[in-house]
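These notes concern the structure reproduced below.
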Amino acid sequence: MKIPPVKGTRDFYPAGMAVRNWIIDGWKRVSLRNGFEEYDGPIFEYLKMFQIKSGDEIAEQLFSFQDRGGRDLAIRPEITPTLARMVNQQINSLPRPIKWFSVPRLCRAERPQKGRLREFFQWNIDIIGIDDVLADAEVIFTTVDYLRDVGLTSSDIKVKISSRKLLAAVLTKVGVAKEQFDSLYALLDKKAKLPAETFSALLAEQVPDAARAEKVRAFVELKNVSEIKNVVPYKMGSDVDDAINEMAECIRLLDIMDVGDYCVFDPSIVRGLAYYTGIVFEVHDVVGQLRAIGGGGRFDNLLHDFGGPSIPATGMGMGDCVLEILLREKGLLDESVLRKELDFFVIDLTVERRDSDGVLSEDEAVRLTARLRSLGLSAEFSYKSAGLGKQLKEASSRNAKKCIIIGDEFKNGELVVKDMATGEQELVKLDELLKQLQA
RNA sequence: GUGAGAGUAGCUCAGUUGGAUAGAGCACCGGGUUGUGGUCCCGGGGGUCGCGGGUUCGAAUCCCGUCUCUCACCCCA
């Protein structure tokens, strides 16, 4: 009986595993050079932990189960609650700022579609304990640092940055009631996907006052922080003023960090859930055909919501699915990046003539390969005792840099070392070769 | 949860108004070639045409059911 793979999961054959490792190694490398330390938690937690900051609808998209002791558990759909739990547990002994990263494997019982699977990897970085917008900028910089590192340019992707604080201040100033915010956020979040007329119609439903609706529409279409005053006049020291200054400072810092060309102010970015409190951002492909590559923002109430003290936090999450699609589209995942390399392929031609020449041993290829490996080099031999041509062919298909041929010359302790790229070959004494490789 | 599309070899796909033993390219294995590879030539293995039923002398092809996958919506932590 053939059993198919479970919906929304992936089998990582060696080629796919190479891609996955390449992506994850990049995430880790960039996290470390940006000063983040790695952490991880269990892949399942108490179900209720995932219900704290998310509504029931999201709880329905969990893989949950009961253990034999009757505990309600769930496979983690995100790692932020685990982070909050871990930080809260040791909050008084952790040096600040807490700059941590993780690459958890996550599961969500959603219906899979392009760029969204039921099991995936997600890079998370968080800075906890810093109120300053500099921390938000550093999170965004680290995100761009990675994307730029793997070859994506500012004409491939943009980080769209906004601020929940600014949005709330502007909406208040415009005269929208606080109770309306959440449903309005949901609409604004959808703006990019909707035709302009549909958006206007839906906006009119939520904000019946035409003048107010027009101000909201004008605000979310702004491309520049300095233009806000044209839509919503404000006073020095007001909430709007504070939020604008913070937003402008974030953008100024990103310019100083030399990633300004990747970043744009986009007030229509709000992010799904209500727990963001300040700067929010999403990374999108410029063409806009894919779902968000990553996103994040400030969530100053999170630790408190998980039973800890009120400590500010800001962070980012990026999944591997959309990223891989984009990298493939841009030709940044070509074989040369991922092809496995072999330092040496050892060919023994003495095998079949051993009987007529007792000096030679059929074990030489195995012996030499093992010595090369113990020197830290990757080395292979053929399981088949085929002719030289066949074995060189095998070496080529294994992408060997060099071949070592054990032939007649081995009677004098000499080996042929062939460079597979240039085709050049030389006779080398075995001891000299090993001495050379050891150095 | 709602809607649309697609299922033929490991992969990408052809398969005419229903017709004989279901094909190609790539991949894999072997040979050409027992001391010189990558390109080339020849050969081989691999299929319950998603599954079940129906129509028919005859079904990959037509009909019904069913399963699975993909895409979009909802949602997106």
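Letters A, B, ... are given to chains in the order of the sequence lines, protein chains preceding strands, and every chain is numbered from 1.
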Legend entry - Base versus backbone protein contacts along nucleotides 71-77 of chain B [heavy-atom cut-off under 4.0 Å; B, S, -]: SBBBBBB
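- Projected onto RNA chain B by closest heavy-atom contact, A:D419 and A:K390 fall at different nucleotides, the more 5' of which corresponds to A:K390.
- A donor and an acceptor atom never sit less than 3.5 Å apart when one is taken from the side chain of A:S396 and the other from the base of B:rG38.
- Judged by a 6.0 Å distance limit and a 45° cone about the ring axis, A:K191 is positioned over the six-membered ring of A:F199.
- The distance between atom CG of A:L392 and atom C1' of B:rU36, rounded to the nearest whole Å, is 5 Å.
- Side-chain atoms of A:E409 and base atoms of B:rG35 include a donor and an acceptor less than 3.5 Å apart.
- If you check every strand for non-hydrogen atoms under 4.0 Å, A:K7 touches sugar and phosphate atoms only.
- Here the separation of B:rC62 from B:rG25, taken at their C1' atoms, is 30 Å to the nearest Å.
- Proximity of a side-chain donor or acceptor of A:Q206 to a complementary backbone N or O of A:S183 within less than 3.5 Å is detected.
- Residue A:K384 has a polar side-chain atom (N or O) positioned under 4.0 Å from OP1 or OP2 of B:rG30.
- Separating the C1' atom of B:rU33 from that of B:rC41 is a span of 12 Å, rounded to the nearest Å.
- Remark: the separation of the C1' atoms in B:rG7 and B:rC76 is 29 Å, to the nearest Å.
- Comparing the same atom, C1', in B:rG44 and in B:rU2 gives a spacing of 50 Å after rounding to whole Å.
- Spacing of C1' atoms, B:rG53 relative to B:rC75, comes out at 39 Å, to the nearest Å.
- A gap of 14 Å separates the P atoms of B:rG3 and B:rU66, to the nearest Å.
- Across the protein-nucleic acid pair, A:D408 atom CG and B:rG35 atom P stand 9 Å apart, rounded to whole Å.
- Across the P atoms, B:rC64 and B:rG5 are found 14 Å apart, a figure rounded to whole Å.
- Comparing the C1' positions of B:rA77 and B:rU70 gives a spacing of 25 Å, expressed to the nearest Å.
- Ring pair A:W100/A:Y39 is tilted by interplanar angle, where 30° to 60° counts as tilted.
- Between the CG atom of A:L349 and the P atom of B:rU36 there is a distance of 10 Å, given to the nearest Å.
- When heavy atoms are screened at a 4.0 angstrom cut-off, A:E394 is found touching no nucleic acid atom at all.
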